[in-house]
There are 2 protein chains.
Amino acid sequence: MAQMERRPDIAVRLKAAGLRPTRQRTQLAGLLFTGHDRHVTAESLAEESARAGIKVSLATVYNTLHQFEAAGFLRQVVVDAARSYFDTNTGDHQHFFVEDEGLLIDIPGEQIRVSGVPEAPAGLAVDRVDVVVRVKRP
Amino acid sequence: MAQMERRPDIAVRLKAAGLRPTRQRTQLAGLLFTGHDRHVTAESLAEESARAGIKVSLATVYNTLHQFEAAGFLRQVVVDAARSYFDTNTGDHQHFFVEDEGLLIDIPGEQIRVSGVPEAPAGLAVDRVDVVVRVKRP
DNA sequence: TCATAGATTAGAATTATTCTAAACTAGTTG
DNA sequence: CAACTAGTTTAGAATAATTCTAATCTATGA
């Protein structure tokens, strides 16, 4: 979320979510919550961490992404059967997905509109409506 | 596709797609294209085949699903990071996805409407707009 | 009937992800 | 501040879906 960039704040937010502000979690949060929206995969975040000199195992990157998701700091985006993306923008919005590049681009929620969604089948409630606009080179 | 259920027709369609009408492809098509829309995974189709007494390897099920997709007989639906779904309905429509059960339910294309999709980023063209309505028990 | 290009297959290989059990650390308590 | 402990991290093994390989089969045209 937007204002997580101030380091002292990170610890507070982690604690509020019941997560100890360990070095790994704090540093990963530092990479992720820089103020602008980001899309990462476990692999991409692990590489970025390595480049940034952060010592963290891939297992911890996976754990952390899932914990951040459970805490509401991240949202998982399912667009590619091959890998999982996590989005630092947890607000109402949708995505372009550039298949050939594996690239996600946000579409603001106010911009796109879905109507005519039928009632959920009996016993079920709508959790979320995901729109993926798949784009490619013509 | 709707009218593939008549067996003689299957061979013709396979040939038209440049695919030899082998026993495996013909029998799998027989399971898939029964006239009503179906959603399968490689695993589910392999099991169903076994139950139906069709002798086919899992590798061939995977191959066949991809070939049928390339031929336009099937469409891949990305809703679950864990496995790939294939839909016999290749027309304009969208889906409910019941997360806990891994169940897909069609939403007719006329029923649902997406507006306000911004222009594709420079050099890219919209390939398809996918809507997934995620539902769960409340 | 034959030859052969295309298909199928078992099993190995690959890839993303999760699990495990041992080693570590943040936060608390005495 | 030393000791304790519950929660974390980690390397590496394990899993699961999918793809690859190379050997064996088969549809089909001559």
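To find a chain, count down the sequence lines: A is the first, B the second, and so on, and within it residues start at 1. In this text, all values refer to a predicted model and were calculated from it rather than measured experimentally.
- Annotation: the span from B:Asn63 atom CG to B:Leu65 atom CG amounts to 9.0 Å, rounded to 0.5 Å.
- Across C:dT18, D:dT8, C:dT17, the shortest atom-to-atom separation from the side chain of A:Leu19 is found for D:dT8.
- In this structure, B:Tyr62 atom OH and C:dA13 atom C1' are separated by 14 Å, rounded to whole Å.
- Using a 4.0 Å heavy-atom cutoff across all strands shown, A:Ala81 reaches no nucleic acid atom at all.
- Distances from the side chain of A:Gln24 to the nucleotides D:dT9, C:dA7, C:dA26 place D:dT9 closest.
- The nearest whole Å value for the distance from the CD atom in B:Glu69 to the P atom in D:dT19 is 10 Å.
- OP1 or OP2 of D:dG7 has not a single side-chain nitrogen or oxygen of A:Arg20 nearer than 4.0 Å.
- Listed pair B:His66 / D:dT18 fails the phosphate criterion, with no side-chain N or O lying under 4.0 Å from OP1 or OP2.
- The separation between B:Leu14 atom CG and C:dA7 atom P is 10 Å, rounded to whole Å.
- When each of B:Ser57 and A:Tyr85 is assigned the nucleotide of DNA chain C with its nearest heavy atom, B:Ser57 is the one assigned upstream, toward the 5' end.
- Regarding A:Arg23, its CZ atom lies at a distance of 14 Å from the C1' atom of C:dA23, rounded to whole Å.
- Ranking D:dT10, C:dT9, D:dT18 by closeness to the A:Thr60 side chain, first place goes to D:dT10.
- Straight-line distance from the CZ atom of A:Arg83 to the P atom of D:dT19: 12 Å, rounded to whole Å.
- Among the nucleotides C:dT18, D:dA27, D:dT18, the one closest to any side-chain atom of B:Thr22 is D:dA27.
- Taking the six-membered ring for Trp and thresholds of 30 and 60 degrees, A:Phe97 and A:Tyr85 have ring planes more than 60 degrees apart, a perpendicular arrangement.
- A distance-only check finds a donor-acceptor pair linking the side chain of A:Arg25 to the backbone of A:Arg20 [under 3.5 Å].
- Among D:dT18, D:dT19, C:dT9, the nucleotide with an atom closest to any side-chain atom of B:Ser84 is D:dT18.
- If you take NZ of A:Lys55 and C1' of C:dC24, they are 11 Å apart, rounded to a whole angstrom.
- Ranking D:dT10, C:dT9, C:dG27 by closeness to the A:Asn63 side chain, first place goes to D:dT10.
- Residue B:Arg25 has a polar side-chain atom (N or O) positioned under 4.0 Å from OP1 or OP2 of C:dA7.
- Look at B:Arg134 and B:Glu99 and you find a salt bridge, because one of the NZ, NE, NH1 or NH2 atoms lies within 4.0 Å of a carboxylate O, short of that distance.
- By the 30° and 60° cut-offs, the orientation of the rings of B:His95 relative to B:His39 is perpendicular.
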